[in-house]
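Per chain, numbering begins at 1; letters A, B, ... match sequence-line order. Computed from heavy atoms alone, side chains included, the values below leave out hydrogens, waters and symmetry copies.
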Amino acid sequence: MHSVVSRRETSPESAPAPAVTIGDVALERPRNRDHGDWASNVAMKIAKRVGANPRELAAEIAGELAALDGVASVDVAGPGFINITLDAAAAGAVAKKIVDSGARYGENDSLAGQTINLEFVSANPTGPLHIGHTRWAALGDSLARVLKAAGATLVSEFYINDAGNQMDNFGASILAAAKGEPTPENGYPGEYVTELSVRVLELVPNLLELPADEALALARETGYQLQLGEIKQSLARFNVHFDVWFSERELHAIDEATGRSGIDGAIDRLRAQGHVYDSDDAVWVKTTDFGDDKDRVIRRGNGIFTYFAADAAYYLSKGDRGFAHKIYLLGADHHGYVHRLKALAGAAGDDPDKDIEVLIGQLVSINGAKLSKRAGNIIELDDLQSWLGTDALRYSLGRYPADSPLTLDPEILQKRTNDNPVFYVQYAHARTHSVARNAADSGVTREVFDAALLTHETESILLGTLAEFPRIVRQAAELREPHRVARYAEELAGSYHRWYDNCRVTPLGEEEVTDVHRTRLWLNDATGQVLRNALALLGVSAPERM
RNA sequence: GCGCCCGUAGCUCAGCGGAUAGAGCAAUUGACUACGGAUCAAUAGGCCGGGGGUUCAAAUCCCUCCGGGCGCACCA
């Protein structure tokens, strides 16, 4: 089909208008089943430019399409839609293809050749992860999986903000707790600090006998390692994987040979590009050249670098490490940063519109969620997870686009019913296994696959849904919207349940096993495979029994 | 004041410029001595925040107003 339509677009004698591009050629699955298996609006798109009547043009294209193998019928509808219906054998072939492809079905090469660094969560290692981090963790990890499935070379990265005076405040808080003193000014409250102090004292029994500065440093460093370990464990339990844990301290570290840090080098490089100037004893980056509303200080009058300086060095480090494309996933409370990051890209000589991409996630709230007393009245990832379970939590956060503000209802998240889409999808998957087990017991095998036997309306719909999966994955990757995979999984689960209600895989009672049963087993197994692949992209388990 | 995001069914939310705007929940009513009823079938529920514009075609793109969230540091 593609070939005929594109020939129409590119062949000089049949389509003389040069302004027509491949982007005009849309072939999509119509929402309404009455409009066939595939539909195209190409005739309406190009009619004006080629000076033709859209309906006549559509009829001409339809005539060519109808002659193709596997096409059952082609109709022209409405203002010039071309509706294509495949015959059962052509539509059914996808079931075998899916079973043969296995876990790789859905992968595509739309992002092949792209090297992407995806940074998300990047929490300060001074306390537990909260509900905001939880959403970015779920979305970021799923996005990473989707981008890989689309063929990108991808590294997921956690930037550890382990430099700066919040670390000193953190250390001072632990030290104070160890002494039984109240939380210092600008310190971190919460019982977890006390818990950390107990563990620090176990590791450093003589902490309180050391000189003050030494004790502070030890409290800070020991507490940091313990807290970072907690964060890593929380994320691992949440099925979230990072390829790289990047320490901000690396950027501050002084090179023995040159006596300079990565940040020094970064400022030099930005200066060489002509985007750095000195004023009022401070060093500034001319971010207004790139759309920021004011220039930003990168080195203060007192000689101390701002946070922005580390950001600059970090950005450059990503490019130095071979990542042409950098994606940042930030919370809405950091959206003021977008201009600055874009400006960094521009100041570094990159293209701010192509080489850096900043995704802003809106805030999430959960009605009635318990605030964590131990972490100072935040909602903790660990609490949410033990309360709702990894699958329900990841799925619930993963099925909404990042830019939509979200309010979750814990009553529903806890229900193991249709109310909760994750169980609806997982149940469909478990059901495919149940059906396969029963088929094996009844002597139904996959020895025969005759796609022409898949003629029931629910089979046609199910096959159509299955065929769409690679397109969904590609779209989710290109739009950076992993939630599309979840929505698709729900649609597929629905198509499967309805098929199950209408079409049996195992024969009833004394009925003989026929090729219809055998072929349906392929369809059943194909559905299980795609549900499994979709859930895997979301980091959610696909149980065989529930 | 400036900037970003959001406003779609009673609720929570999908919706790539296309055909009669969808799903789940909540409400009402049905279907198992048939592969798991954690399922399925059906009914009802909408000036897609308001108003302009672009287009053959707008929930979708542009402008404007209203409402909500967030941000505007020589903090990190």
What nucleic acid atoms does A:Q475 come within less than 4.0 Å of, heavy atoms only: base, sugar-phosphate, or nothing?
base
Using a cut-off of less than 4.0 Å, is there contact between a side-chain N or O of A:H483 and OP1 or OP2 of B:rG15?
yes
Using a cut-off of less than 4.0 Å, is there contact between a side-chain N or O of A:R300 and OP1 or OP2 of B:rC75?
yes
Picking from B:rC13, B:rA73, B:rC5, which would you name as closest to the side chain of A:R296?
B:rA73
What is the separation between atom OH on A:Y395 and atom C1' on B:rA14, rounded to the nearest whole Å?
11 Å
When both distances are under 3.5 Å in a Watson-Crick or G-U wobble arrangement, the nucleotide paired with B:rC2 is B:rG71
Between B:rC72 (C1') and A:D295 (CG): distance, integer Å
15 Å
Compare the minimum distances between each of B:rC74, B:rA41, B:rA38 and the side chain of A:T306, then state the nucleotide with the smallest one.
B:rC74
Whole angstroms only, please: what is the NE2-C1' distance between A:H35 and B:rA21?
14 Å
With distance as the sole test, does A:S396 use its side chain to make a donor-acceptor pair with the main-chain N or O of A:L393 at under 3.5 Å?
no
A:A428 vs A:A439, nearer the 5' end of RNA chain B by closest nucleotide:
A:A439
Less than 4.0 angstrom between a side-chain N/O of A:Y500 and OP1 or OP2 of B:rA34, yes or no?
no
Quick one: label A:P401 by what it contacts on the DNA or RNA (base, sugar-phosphate, nothing), any heavy atom closer than 4.0 Å.
sugar-phosphate
Applying the 3.5 Å cut-off to both distances, the Watson-Crick or G-U partner of B:rG30 turns out to be B:rC40
Identify whether any heavy atom of A:N83 sits under 4.0 Å from a base atom; if not, whether one sits that close to sugar-phosphate; answer base, sugar-phosphate or nothing.
base
d(NE2, A:H429; P, B:rG36) in whole Å
15 Å
Salt-bridge contact A:D515-A:R518 (side-chain N to carboxylate O under 4.0 Å)
yes
With respect to the phosphate group of B:rC40, does any side-chain polar atom (N or O) of A:Y424 fall under 4.0 Å of OP1 or OP2?
yes
Tell me which one of A:K286, A:R271, A:R299 satisfies salt bridge (charged side-chain N to carboxylate O under 4.0 Å, His left out) with A:D278.
A:R271
Using the C1' atom as the reference point in each nucleotide, state the distance between B:rG24 and B:rU39 in Å, no decimals.
15 Å
Can you check the distance between B:rC74 and B:rU64, where both ends of the measurement are the C1' atom (answer in whole Å)?
39 Å
Hey, could you give me the CD1/CZ distance between A:I298 and A:R340, rounded to the nearest 0.5 Å?
11.5 Å
Which atoms form the tightest heavy-atom contact between A:Y315 and A:I356, and what is the distance?
CE1-CD1, 3.8 Å
Select one nucleotide: of B:rC75, B:rG18, B:rU12, the one nearest the side-chain heavy atoms of A:N165.
B:rC75
Could you tell me how far apart A:H335 (NE2) and B:rG3 (P) are, to the nearest whole angstrom?
11 Å
Look through every strand shown and name the nucleotide pairing with B:rG10 as Watson-Crick or G-U wobble, where both distances are under 3.5 Å.
B:rC25
Watson-Crick or G-U wobble mate for B:rC47, both contacts under 3.5 Å:
none
Answer yes or no: is there a side-chain heavy-atom contact under 4.5 Å between A:R249 and A:M167?
yes
Is any side-chain N or O of A:R431 closer than 4.0 Å to OP1 or OP2 of B:rG37?
yes
Between P of B:rC16 and CD1 of A:I472, the distance in whole Å:
11 Å
Base, sugar-phosphate alone, or nothing: which one does A:D403 contact when heavy atoms must sit under 4.0 Å apart?
sugar-phosphate
Could you identify the nucleotide paired to B:rA57, looking across every strand shown and requiring Watson-Crick or G-U wobble geometry with both distances under 3.5 Å?
none
Quantified in whole Å, what is the P atom distance between nucleotide B:rG17 and nucleotide B:rC25?
29 Å
Indicate, with a heavy-atom threshold strictly under 4.0 Å, whether A:L479 touches base, sugar-phosphate, or nothing.
nothing
Considering only heavy side-chain atoms of A:R504, the closest of B:rC70, B:rA34, B:rA14 is B:rA34
Does a nitrogen or oxygen in the side chain of A:K294 sit under 4.0 Å from OP1 or OP2 of B:rG3?
no
If I take atom NE2 in residue A:H497 and atom P in nucleotide B:rA41, what distance separates them, rounded to the nearest angstrom?
10 Å
Pick the C1' atom in B:rU60 and in B:rA19, then give their distance to the nearest Å.
15 Å
With a 3.5 Å cut-off and just heavy-atom distances, do the side chain of A:N41 and the base of B:rG18 make a donor-acceptor pair?
yes
Any A:R299 side-chain nitrogen or oxygen under 4.0 Å from OP1 or OP2 of B:rC74
no
Taking 5.5 Å and 30° as the limits, would you call A:H339 and the base of B:rG3 a stacked pair?
no
Contacts of A:R484 and A:V297 projected onto RNA chain B by closest heavy atom; the upstream (5') one is A:R484
Which part of the nucleic acid does A:L508 contact within heavy-atom distance under 4.0 Å: base, sugar-phosphate only, or nothing?
base
Taking the same atom, P, in B:rC48 and in B:rU20, what whole-Å distance lies between them?
15 Å
Between the base of B:rA34 and the side chain of A:D501, is one N or O donor paired with an acceptor at under 3.5 angstrom?
no
P atom, B:rA21 versus B:rG46: distance in rounded Å?
13 Å
Pick the P atom in B:rU33 and in B:rG50, then give their distance to the nearest Å.
50 Å
Does the structure place the NZ or CZ of A:R431 under 6.0 Å from the centre of the six-membered ring of A:Y500, at an angle of no more than 45° from the ring's axis?
yes
Assign A:G164 to base, sugar-phosphate, or nothing according to its heavy-atom contacts below 4.0 angstrom with the strands shown.
sugar-phosphate
Compare side-chain N and O positions of A:R487 against OP1 and OP2 of B:rC13 and report whether any pair is under 4.0 Å apart.
no
Looking at B:rC74, B:rC5, B:rG36, which one has an atom nearest to any side-chain atom of A:M546?
B:rG36
Using atom P in both nucleotides, what's the gap between B:rA59 and B:rC47 to the nearest angstrom?
14 Å
Is the ring of A:F81 stacked on the base of B:rA19, with centres less than 5.5 Å apart and planes under 30° off?
yes
Does a side chain donor of either A:N169 or A:Y188 reach within less than 3.5 Å of an acceptor in the other side chain?
no
So A:E511 and A:R504, do their side chains get closer than 4.5 Å, heavy atoms only?
no
Between B:rA14 and A:S404, is there an OP1 or OP2 to side-chain N/O distance shorter than 4.0 Å?
yes
Please work out whether the ring planes of A:Y328 and A:Y314 are parallel, tilted or perpendicular, with thresholds of 30° and 60°.
perpendicular
How long is the line joining CD of A:E491 and P of B:rC16, in whole Å?
14 Å
